[in-house]
Amino acid sequence: MNPKAPRGTFDVLPADARLRLQLLKIADELLGQAGYEPFETPVFEDTELFARGVGESTDIVQKEMFTFEDKAGRSLTLRPENTAGVCRAYVEHGMHKLPQPVKLWYWGPFFRHEAPQAGRFRQFTQLGAEALGSDDPSLDAELILLLAELLDRAGVGETRLRLSSLGTPETRAAYLDELRAYLHGREDALSEDVRARLDDNPLRAFDADHPGTRAVMQGAPHLLDRLSADDADHFADVRALLDDAGLAYEIDPTLVRGLDYYTRTVFEFESPRLGAQSALGGGGRYDLLIEELGGPPTPGVGWAAGVERVLLAAGEGEPAADSRIYVALAKPDAAREGFRLARRLRDEGFRVEMEQAGRSLKGQLRQADRIGARSTVIVGDVIDVKDMRSGEQRRASDADEALALVREVGG
RNA sequence: GUGGGCGUAGCUCAGCCGGUAGAGCUCCUGGUUGUGGUCCAGGCGGUCGCGGGUUCGAAUCCCGUCGCUCACCCCA
């Protein structure tokens, strides 16, 4: 056979793995400062959880889930997103009895059966944060600002923040009916593809290029004008906090996220560096989801960012240049002495590599150079410590003296 | 899922009016009997994505298939 990683999956090689680790550290620090705690849920759950949580009618549930049966015939699904799992865990562990809100963040693999492209995979990594148990608008704003800061520190460059509010499912449903009715009344002026999707995705008509459609949309009703007073106030509060923080955003009434559970605030960060997949991360409020999943009425808000997309937008990072020491062997029977020396140097906190590949001494020095060693310890009948930058070399009479010399030159 | 482009050494690619595989980089060795970064020489390394067809003969032509990629859709 010719083994290959399955379609839509990939191996993370060291250069990339290091960048991912850097992003993970940024997230840990940033979210930790705001009181978010790390946590994990399983990578698969009962299929029912996603069907109910994400929504039966969504693309994710209808065609993108990796579903399988266990040996007892239970239907399980590799998680396509995490909010449903988070809510399940919240209910299962009685987190409503903890001081609210409960703030959590996570990092892990997710799975969607899609046609892979740049920035789109079947197994991908999401980094996310959730705040459950309070509908305070400051949580919405806090999370949005945290994601903005995270993206900035990750080096993704310019982003566009789209923001909207969906109100309650009732207002949204009523609005969509109103919009459909409006569009049906002017069907003749609409483009063909807008007409084809009129019933399942009427909002799409807002971003059509078609002149006739655009003309029609000028007078179309907007969801934001149909929000209840409470929801409108909530949205105004969120915006005020973002304004205070100086974060730029665009109100986009056509922003619909692909999951059914959103209420009130929704947002999405986009990058021009990603091509067809412009979304770096996004999220929103889901005040009814936990109750829908059988828990007590509990509001929640959160986001997820695509790790691969963030890294793609950030471009090639500079690999951290950490200094190192190389232990070379001038003769094969110096191996035990060299091994001992390497261990002692590591005990002292140095980053140490040694000859373990049967290279000639010349090859070993070349290797020392390649890994960027500051000093090379050459073990033979005597021990020499070479400063790789100056090329100078000093002789030690024993291991202790060699260690002292290394400390002087540095590793 | 639909349509376009591509698939030759670890990497980047050349070869493609059919005659049975090359370069650069990387890696290893030597030039320097125990010494790097430059230079020189040599070497390792390829089921030419896979399967089938046409042909005396296919990396080169044809069909299928898989993979990558771009677009639509949707999203992280």
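Side chains are part of it too, since the values below use all heavy atoms of this structure and drop only hydrogens, waters and symmetry mates. Proteins come first, then strands; the chains are lettered A, B, ... in the order of their sequence lines, and each starts at number 1.
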**Prompt:** Do Phe124(A) and the base of A76(B) stack face to face, with centres under 5.5 Å apart and an angle between planes under 30°?
**Reply:** yes

**Item:** Exercise: do Ser397(A) and Glu401(A) side chains pair donor with acceptor under 3.5 Å
**Value:** yes

**Request:** With C1' as the reference atom in both, quote the distance from C50(B) to C66(B) in angstrom, rounded to an integer.
**Result:** 7 Å

**Gap in Å between the two C1' atoms, one belonging to G49(B) and one to U60(B), rounded** = 16 Å

**Exercise: do Tyr106(A) and Glu37(A) side chains pair donor with acceptor under 3.5 Å** = no

**Request:** Determine the Euclidean distance between corresponding C1' atoms of C6(B) and U65(B); express it in Å to zero decimal places.
**Result:** 16 Å

**Prompt:** Going through the distances and angles, do Arg112(A) and Met65(A) end up as a side chain to side chain contact (heavy atoms under 4.5 Å, CB included)?
**Reply:** CA-CA 6 Å; Arg112(A) 291 183 199 173; Met65(A) 298 205 301; over 6 Å; no

**Request:** Would you indicate which nucleotide in G34(B), C75(B), A71(B) comes nearest to any side-chain atom of Gln117(A)?
**Result:** A71(B)

**Complete:** Paired to A41(B) by Watson-Crick or G-U wobble criteria (both distances under 3.5 Å) is U29(B)

**Prompt:** Any chance the rings of Phe68(A) and Phe44(A) have centres within less than 6.0 Å?
**Reply:** yes

**Item:** Atom P, compared across G30(B) and A14(B): separation rounded to whole Å
**Value:** 35 Å

**Message:** For the P atoms, the ones on A71(B) and on C28(B), what distance do you get once it is rounded to whole angstrom?
**Reply:** 40 Å

**Request:** For the side chain of Arg359(A), starting at C-beta, report the closest nucleotide among A76(B), C27(B), G34(B).
**Result:** C27(B)

**Request:** Using the P atom on both, measure G45(B) against A23(B) and round to a whole Å.
**Result:** 14 Å

**Prompt:** Got a donor-acceptor pair under 3.5 Å from the side chain of Arg120(A) to the base of C74(B)?
**Reply:** yes

**Message:** Among G34(B), A76(B), U32(B), which nucleotide has an atom closest to any side-chain atom of Lys362(A)?
**Reply:** U32(B)

**Prompt:** How far does the P atom of C17(B) sit from the matching atom of C62(B), given to the nearest Å?
**Reply:** 12 Å

